2 protein chains.
Amino acid sequence: MQPNFSTRERILGVAETLFARHGFAGASLRQVTAAAKVNLAAVNYHFGSKESLIEEVFRRRLDELNRHRLAALAAVATNPGRQLEDVLDAFIRPALEQSMDSAGGAAFVRVLARAYAEHDERLRRFLSDNYGYVLREFATAFARLLPHLRKDELYWRLDIVAGALTYAMADFGMIKRKDDVSEQNHREQSAQHLVRFAAAGLRAP
Amino acid sequence: MQPNFSTRERILGVAETLFARHGFAGASLRQVTAAAKVNLAAVNYHFGSKESLIEEVFRRRLDELNRHRLAALAAVATNPGRQLEDVLDAFIRPALEQSMDSAGGAAFVRVLARAYAEHDERLRRFLSDNYGYVLREFATAFARLLPHLRKDELYWRLDIVAGALTYAMADFGMIKRKDDVSEQNHREQSAQHLVRFAAAGLRAP
DNA sequence: TCCGCAATCAAACGATCGTTTGAATAGTAG
DNA sequence: CTACTATTCAAACGATCGTTTGATTGCGGA
């Protein structure tokens with residue numbers, strides 16, 4: 001993390017990468033503060049606790065990410081010829097772009113996937129309370145495009161899409177990125193495959 | 001864990017559920033041994049280390065699971081009219097059945113999903129070395145059924161399927177199981193939706 | 001210039017971590 | 001019964017955990 005950033009920002013940046021790499025329990029505050037070159041006590045001074053630091057790592061990126069997602073969804077909604085692929089793209093592309101243009105964005109997608117794997121009730125509640133409405137917006141958009149699907153059937157499929165998306169974007173799979181392909185390029189391909197696959201899955205008879 | 005089981009088995013059973021619930025770093029050996037009602041030192045006596053205990057948790061279930069998967073795949077291969085759905089079912093159903101008939105089987109599916117999320121190199125190596133050949137068997141079966149797909153295209157899609165499968169079976173999604181639906185029933189529905197979704201995704205143009 | 005406040009620091013807190021030790025306790029073969 | 005092995009046990013090891021303390025620093029406004 002660049003030393004010209006503030007203490008607060010350096011902690012957030014380093015915490016993001018270490019949480020992605022070792023998990024929330026696996027990454028200690030001592031590792032974080034050492035890598036960020038700040039004092040150990042700085043975490044509790046600026047954030048209050050490790051728990052609050054974790055929430056702040058999410059808040060920092062999700063506020064921006066979901067703003068972009070809703071904007072993209074709104075743009076699609078005005079398009080009369082919109083397709084499933086467009087709505088899927090509105091959900092996936094902002095995550096893709098954030099993971100490419102911000103320094104720790106790639107790490108954050110992994111952190112998000114870890115949050116999914118954690119069954120921690122407090123964390124799920126926090127994410128659901130603060131960002132659940134975004135998922136609901138997209139669900140109604142999908143419902144309009146798939147009117148023949150029963151409601152519960154649609155929810156099942158969206159759940160599967162969310163899982164596939166999370167895992168694929170987080171690069172958890174076994175597909176090894178070729179050395180001659182940049183991480184951005186890899187992620188771009190990942191998103192394209194995802195959109196096509198998910199669209200076909202959602203349209204399944 | 002039933003007290004009539006051996007110390008070794010009690011540790012494995014409890015470790016499975018606690019790893020599923022709190023992660024490998026999050027579940028301590030003290031929690032495990034306390035819940036299993038065995039002495040703390042028993043873990044290192046019977047398994048050598050926490051790391052080895054984790055590997056044994058996988059080995060115990062994966063040996064059986066993959067035997068069933070390969071048997072189901074072989075049964076499908078003799079069927080001349082086999083479909084994508086049959087191969088997908090050969091992969092998914094054994095996991096479904098194991099999660100239903102063994103006491104901690106449901107927990108194990110979650111442990112498997114956690115292993116996915118962990119980027120731990122040792123764990124990935126262990127799983128790849130010991131069980132990678134199963135995935136390769138299924139990959140060639142899929143390749144035969146989807147001859148029009150380029151090899152890299154196929155691998156992309158299988159990667160997505162694996163992610164969706166892992167996620168859905170581990171019950172990570174937001175879909176809340178209705179109280180009047182048993183966990184078995186929920187899982188059965190989950191598998192059916194998965195097979196249909198994945199088949200459509202794999203067949204996408 | 002001096003005050004006041006926000007920030008940083010070294011040090012220590014008690015708790016918990018994985019692991020090891022050595023003695024106590026079965027259970028079995030000779 | 002004795003000797004031996006396998007297992008269980010309480011206790012402690014050093015390391016590391018998240019958090020707190022109290023002193024020290026540095027800077028902007030009166």
Side-chain angles (χ1 to χ4, degrees), chain A residues 1-60 111 114-115 118-123 126, chain B residues 1-60 111 114-115 118-123 126:
Chain A
M1 182 76 359
Q2 292 94 338
N4 57 323
F5 278 36
S6 75
T7 296
R8 215 186 116 91
E9 287 172 289
R10 290 223 301 286
I11 292 174
L12 283 171
V14 169
E16 187 172 59
T17 64
L18 292 189
F19 286 155
R21 199 172 305 164
H22 302 113
F24 302 114
S28 73
L29 295 185
R30 282 175 172 80
Q31 291 175 295
V32 169
T33 52
K37 295 195 205 308
V38 303
N39 190 273
L40 168 62
V43 169
N44 283 277
Y45 177 78
H46 286 281
F47 301 96
S49 68
K50 185 180 186 178
E51 181 90 24
S52 299
L53 168 62
I54 294 174
E55 292 185 358
E56 196 54 34
V57 166
F58 282 103
R59 205 188 307 275
R60 183 175 64 143
V111 174
R114 270 199 189 268
E118 300 281 336
H119 264 192
D120 182 283
E121 205 46 55
R122 269 194 68 176
L123 187 53
F126 167 80
Chain B
M1 182 75 1
Q2 291 93 340
N4 57 324
F5 278 34
S6 75
T7 297
R8 215 187 114 91
E9 286 172 290
R10 289 223 301 286
I11 291 174
L12 283 171
V14 169
E16 187 172 59
T17 66
L18 291 189
F19 286 155
R21 198 172 305 165
H22 303 114
F24 303 113
S28 74
L29 294 186
R30 280 175 174 80
Q31 291 175 292
V32 170
T33 53
K37 296 195 205 304
V38 303
N39 190 272
L40 169 61
V43 169
N44 284 277
Y45 176 79
H46 286 283
F47 301 96
S49 66
K50 184 180 186 178
E51 180 89 24
S52 299
L53 168 62
I54 294 173
E55 293 185 358
E56 197 55 34
V57 166
F58 283 103
R59 206 188 308 274
R60 182 175 66 142
V111 174
R114 269 198 190 269
E118 300 282 335
H119 264 192
D120 182 282
E121 205 47 55
R122 269 193 68 177
L123 188 54
F126 167 79

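Note that the structure is predicted; figures quoted are calculated from it, not measured. Here is the naming used below: chain letters follow the sequence lines, and residue numbers restart at 1 for every chain.
A straight line from CG of B:Asn44 to P of D:dC13 spans 17 Å, rounded to a whole angstrom. When the P atom of C:dT25 is taken as reference, atom OH of B:Tyr45 falls 17 Å away, rounded to whole Å. Rounded to whole angstrom, the span from the CZ atom of B:Arg10 across to the P atom of D:dT8 amounts to 8 Å. Atom CG of B:Leu18 and atom P of C:dC17 are 12 Å apart (whole Å). Distance B:His22 NE2 to C:dT16 C1': 15 Å, rounded to the nearest Å. Rounding to whole angstrom units, NZ of residue B:Lys50 and C1' of C:dG18 are separated by 8 Å.
Look at A:His46 and you'll find a side-chain N or O under 4.0 angstrom from OP1 or OP2 of C:dT8. Remark: A:Asn39 is in phosphate contact with C:dA10, judged by side-chain N or O atoms under 4.0 Å from OP1 or OP2. Look at B:Ser28 and you'll find a side-chain N or O under 4.0 angstrom from OP1 or OP2 of C:dC17. B:Ser49 has no side-chain polar atom (N or O) that falls below the 4.0 Å cut-off from OP1 or OP2 of C:dG18.
Contact check for A:Thr7 versus A:Asn39: no side-chain heavy atoms found under the 4.5 Å cut-off. Between A:Leu12 and A:Leu53, the closest side-chain pair of non-hydrogen atoms falls below 4.5 Å.
Nearest heavy-atom pair across A:Lys50 and A:Phe24 is NZ-O, 2.8 Å. A pairwise comparison of heavy atoms in B:Ile11 and B:Val32 identifies O-CG1, 4.1 Å as the closest pair. Of all heavy-atom pairs between A:Phe126 and A:Arg59, the closest is CE1-NH2, 3.6 Å.
Between A:Glu56 and A:Arg8 there is a salt bridge, since a side-chain N of the basic residue sits under 4.0 Å from a carboxylate O of the acidic one.
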Seminar exercise, completed: Given Watson-Crick and G-U pairs under 3.5 Å, DNA chain C in dot-bracket ([ ] crossing, | other strand) is |..|||||||||||||||||||||||||||
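Residue B:Ala42 is classed as having no contact, given no heavy-atom separation below 4.0 Å to the nucleic acid.
Side-chain proximity of A:Arg30 to the nucleotides D:dC17, D:dT8, C:dA7 is greatest for D:dC17. Closest to the side chain of A:Leu40, out of D:dA11, C:dA12, D:dT7, is C:dA12. The side chain of B:Ala41 lies closest to D:dC9, out of D:dT8, C:dC9, D:dC9.
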Exercise. Can you check side chain to side chain donor-acceptor pair (under 3.5 Å) on A:Glu9 and A:Ser6, steps first, answer last?
Worked result: CA-CA 5 Å; A:Glu9 287 172 289; A:Ser6 75; 3.1 Å; yes
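A residue-by-residue look at A:Leu29 and B:Lys37 shows that B:Lys37 has its nearest nucleotide of DNA chain D further toward the 5' end.
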